[in-house]
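Working notes for the structure below.
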Amino acid sequence: MPAGNHTLTVKNSLGCKGTLVNTINGYGAKFFNVRTIINGYCGPCHLNGGVSGSKNFDADDAVVANWDRIKARAVDNLPSQMPALPNAALTAQDKQKITDWVNAGHRITD
Ligand code: HEC
């Protein structure tokens with residue numbers, strides 16, 4: 001299904017109708033993981049309007065545009081770890097998920 005809002009209407013045997021609007025975000029499985037990781041680890045500094053280091057990751061496009069810096073800071077800890085200390089670093093599994101997304105082409109659809 002293409003990205004966008006999709007409306008599904010169902011009618012039961014009594015004629016009652018129900019409507020469900022399902023937003024298909026167009027995320028690939030690997031980007032979904034990365035979006036989830038960023039939402040979990042990178043706030044409030046880079047989320048909900050936060051602009052630490054001049055970086056805000058509210059928009060998916062911003063995550064895509066900064067894929068190399070996200071990998072450098074959150075996976076390779078270069079030049080220093082993100083999330084910034086004293087926050088905990090990503091788990092090895094979460095680092096691997098970012099690496100997998102980068103290697104797949106670092107797109108929203110990957
Ligand atoms: C507790 C606040 C905090 C959290 C949480 C945090 N950061 Fe940062 N981030 C900063 C600060 C402060 C700077 C600016 C100083 C610096 O670059 O070290 C920064 C800068 C950055 C930069 C820009 C500098 C560069 O090297 O390109 C990137 C990219 C970045 N962070 C990625 C992330 C990612 C990805 C996460 C989540 C996995 C994250 N940060 C979590 C505080 C935070």
Side-chain angles (χ1 to χ4, degrees):
M1 228 183 265
N5 289 330
H6 297 267
T7 305
L8 181 75
T9 304
V10 292
K11 191 162 77 166
N12 71 10
S13 57
L14 298 173
C16 298
K17 274 190 190 174
T19 302
L20 179 76
V21 178
N22 189 8
T23 301
I24 306 292
N25 52 31
Y27 291 178
K30 293 184 176 68
F31 182 76
F32 178 82
N33 287 336
V34 170
R35 183 74 259 185
T36 304
I37 289 165
I38 288 176
N39 290 353
Y41 285 97
C42 309
C45 314
H46 303 286
L47 295 176
N48 298 316
V51 289
S52 291
S54 308
K55 298 288 184 191
N56 173 269
F57 301 134
D58 287 332
D60 296 335
D61 287 347
V63 174
V64 167
N66 287 288
W67 68 270
D68 53 340
R69 297 311 309 158
I70 291 169
K71 178 166 187 298
R73 300 301 297 261
V75 177
D76 303 324
N77 296 344
L78 293 172
S80 63
Q81 174 195 308
M82 281 293 146
L85 291 170
N87 289 29
L90 271 61
T91 64
Q93 287 104 313
D94 285 342
K95 288 184 177 187
Q96 189 60 51
K97 286 176 185 170
I98 294 176
T99 301
D100 288 346
W101 173 66
V102 166
N103 290 343
H106 48 82
R107 290 163 294 222
I108 287 179
T109 50
D110 285 317

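Please read all numbers here as calculations on a predicted model, not as lab measurements. Every number for a ligand or one of its atoms is a count from 1 in the order of the listing.
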Is there a donor-acceptor pair under 3.5 Å between the side chain of Gln81 and the backbone N or O of Asn87? yes

Could you list which atoms of ligand 1 come closer than 4.0 Å to a heavy atom of Leu90? 38 (C)

Quick check: Ser52 and ligand 1, any N/O pair under 3.5 Å apart? no

Single-linkage hydrophobic cluster, 4.5 Å side-chain cutoff, Leu47 and Met82 together: no

Are the side chains of Val64 and Asp60 in touch, meaning some heavy atoms are under 4.5 Å apart? no

To the nearest 0.5 Å, what is the distance between NE2 (His46) and CD1 (Ile70)? 9.0 Å

What atoms in ligand 1 come closer than 4.0 Å to a heavy atom of Asn87? 1 (C), 5 (C)

For atom 23 (C) of ligand 1, which protein heavy atom lies nearest, and how many Å away is it? Lys55 CG, 3.5 Å

Taking atom types as modelled, is there a side-chain donor on Arg73 or Asn77 under 3.5 Å from an acceptor on the other? no

If the cut-off is 4.0 Å to any non-hydrogen atom of Gly53, which atoms of ligand 1 fall inside it? 13 (C), 14 (C), 20 (C), 23 (C)

Would you indicate which of Pro86, Pro79, Ala74, Cys45 comes nearest to atom 1 (C) of ligand 1 when only heavy atoms are counted? Cys45

Which residue and atom name correspond to the protein heavy atom nearest atom 17 (O) of ligand 1, and how close is it? Arg73 NH1, 3.0 Å

Is a side-chain N or O of Asp94 found less than 3.5 angstrom from the main chain of Leu90, in a donor-acceptor match? no

Looking at atom 15 (C) of ligand 1, tell me if a protein heavy atom falls under 4.0 Å from it. no

Looking only at non-hydrogen atoms, the one of Gln81, Met82, Lys71 nearest atom 20 (C) of ligand 1 is Met82

Compare every heavy atom of Thr36 with every heavy atom of Phe32, then report the nearest pair and how far apart it is. O-OG1, 2.7 Å

Ranked by distance from atom 41 (C) of ligand 1, the top protein heavy atom is Pro83 CA, 3.4 Å

Provide the number and element of each atom of ligand 1 under 4.0 Å from a heavy atom of Gly43. 5 (C)

Indicate yes or no: does Asp110 engage Arg107 in a salt bridge with an N to O separation below 4.0 Å. yes

Heteroatom proximity flag, His46 to ligand 1, N/O under 3.5 Å: yes

Could you tell me the residue and atom name of the protein heavy atom closest to atom 34 (C) of ligand 1, and the distance to it rounded to 0.1 Å? Cys42 SG, 3.4 Å

Hey, is the main chain of Asp58 close enough, under 3.5 Å, to the side chain of Asn56 for a donor-acceptor pair? yes

N/O of Arg69 under 3.5 Å from N/O of ligand 1, yes or no? yes

